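Here is how names work: the chains are called A, B, and so on, in the same order as the sequence lines, proteins then strands, and each is numbered from 1. A quick note: this is a predicted structure, and the numbers were derived from the prediction, not measured.
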There are 2 protein chains.
Amino acid sequence: MRVGFAQFNPIFGKKDQNVAKALSLIENADAELMVLPELFDTGYVFQSKEETLKLASPIPESNTVKELKRFSADKKMAVIAGIAEREGDKAYNSAITVLPNGSLYKYRKYHLFYKEKIHFESGKLPIEIVPYKDARIGMMICFDWIFPEMCRLLALKGANIICHPSNLVLPYCQKAMVTRCLENRVFSITCNRTGTEKRAGEEFKFTGMSRIVTPEGNVLCDGSRVKEQVEVVDINLKMADNKNVTAYNHVIEDRRTDLYSL
Amino acid sequence: MRVGFAQFNPIFGKKDQNVAKALSLIENADAELMVLPELFDTGYVFQSKEETLKLASPIPESNTVKELKRFSADKKMAVIAGIAEREGDKAYNSAITVLPNGSLYKYRKYHLFYKEKIHFESGKLPIEIVPYKDARIGMMICFDWIFPEMCRLLALKGANIICHPSNLVLPYCQKAMVTRCLENRVFSITCNRTGTEKRAGEEFKFTGMSRIVTPEGNVLCDGSRVKEQVEVVDINLKMADNKNVTAYNHVIEDRRTDLYSL
């Protein structure tokens, strides 16, 4: 399957402009699945819960989702993207997968980072794995990476590829994704944004370096630290069905569930 | 606390020689805690369960343990080492911590690698954290690294430093230990052996590169790929008490135990 990411620098609050930008980046990608950054339509540095609710929009009614669905059907491309979601008086840091057949899947971020805890509610929806061609897509968002339970959960639910919209500011995740893929024998696509957001005295420098990793921990593709970049690679998803590190060692079955349950 | 490792190349079956070698390497280390490799007294590539039982020895009655205890008391140094343990007709791939006050703690490897599954029984003893000065030592052995549950369990039990005797042949663990330390905010000392063992047509090349990592994922010290090497660093174990990645994010308390239990 041909899969990839489009890392770029969303402009805070310019939703239509950001959606148009993202779609223009991937419209000529020769890919069946593309990943966009976290909060790709709104930008990241909200000042208050009120501002978040004002910019967030309902799924699937929002213009962003409509545009993604139209694009996906038109280009026959699955798109995974991070979106600020509003439901009533609550906001969620969500990711969606839209499929060419019109299906829509949603994940609400489990592990909120820093002041996201002020601006968003924590997700509580159960994990859904998205079936798409040979892929079984597991979504997670940015800071979820630091909790090994997250990728493990996705792998146990059957994901063979983890799609990971991000707005990373710390320098650790990209390397850690090699470990996450190895320990679960899955593929991962981390799509991080670039650029800087400076608002009300706080400055966030996003670290780019989007990354695609194989179940054997090989890095297929790395984004630049600062540049807008679209990358596509061809992967064999069957690799993720082999959970054996050696003929004697299976990364899932060898867990000592008789001794730990975390 | 001054802590370190001694990586070297044990000679298969030469127990007294290997013990003497290891102790000669660390006797002048200006350290309070030193880690030796997995199976440091026997070597690694057993041919059969019978051969394993013949070379393994009971804890604490064995000469290896007696020597380590004498050394520890004499040098006022905690020593963590991997040993082939025999109990009746069973063999275990074990690690022990000997303390200067004569205390002895034991861990039997939970996750056996490759043909260790033929030669050893899987460990079932509950985790014990070793209190020693400012340290709360958690032991794990080699391949345990690939299961994130293992370091998580040690951290949840209170370990602030993971001592990790190893006989690594795959190239992944050293980098993964950065992730393990970050996700649990603990120190780790991986002591890997060097050299090659070739027996009955199977060749194991051990990868050296022993490594000490901080709770912030910084590598304090790396061993050579091939050389015998003793390294000691000074660490502030209080760093591991701070589980906050940001003022809002605690790597243990932020786990969504309402949503997963793995």
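- Ranked by heavy-atom pairs under 4.5 Å with chain A, the first of B:Cys173, B:Cys151, B:Pro148, B:Pro126 is B:Pro148.
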- Message: Run B:Leu153 and A:Leu259 through side chain to side chain contact (heavy atoms under 4.5 Å, CB included) and show every step you take.
- Response: CA-CA 10 Å; B:Leu153 183 61; A:Leu259 293 171; 5.9 Å; no
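- Expressed to the nearest 0.5 Å, how far CD of A:Glu183 lies from OG1 of B:Thr179 amounts to 8.0 Å.
- Using a 4.5 Å heavy-atom cut-off against chain B, no residue of residues 185-206 of chain A qualifies as contacting.
- The pair A:Glu149-B:Arg152 meets the salt-bridge criterion, with a side-chain N (NZ, NE, NH1 or NH2) lying under 4.0 Å from an Asp/Glu carboxylate O.
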- Stepwise, does the side chain to side chain contact (heavy atoms under 4.5 Å, CB included) test hold for A:Asn249 with B:His111? CA-CA 9 Å; A:Asn249 291 108; B:His111 307 92; over 6 Å; no
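- Heavy-atom distances place no part of A:Thr257 under 4.5 Å from chain B, backbone and side chain included.
- Options A:Glu216, A:Lys175, A:Arg180 differ in how many heavy-atom pairs under 4.5 Å they form with chain B, and the most are formed by A:Arg180.
- Residue contact with chain B, scored on non-hydrogen atoms closer than 4.5 Å, involves the side chain of A:Phe143 exclusively.
- Your options are A:Ala247, A:Ser122, A:Gly217, and the one with the most heavy-atom pairs under 4.5 Å with chain B is A:Ser122.
- Proximity of a side-chain donor or acceptor of A:Arg256 to a complementary backbone N or O of B:Gly123 within less than 3.5 Å is detected.
- Under the 3.5 Å distance criterion, the side-chain polar atoms of A:Asp254 are left unmatched by any main-chain donor or acceptor of B:Phe147.
- For A:Val251, the parts lying near chain B are the backbone and the side chain together; criterion is any non-hydrogen pair under 4.5 Å.
- The candidate from B:Asp258, B:Val178, B:Leu182 with the greatest count of non-hydrogen atom pairs under 4.5 Å with chain A is B:Leu182.
- Looking at A:Ile127, there are no atoms closer than 4.5 Å to chain B (heavy atoms on both sides), in backbone or side chain.
- The number of heavy-atom neighbours closer than 6.0 Å to NZ of B:Lys243, taken from other residues, nucleotides and ligands shown, is above 12.
- A donor-acceptor pair under 3.5 Å is formed between the side chain of A:Lys117 and the backbone N or O of B:Tyr248.
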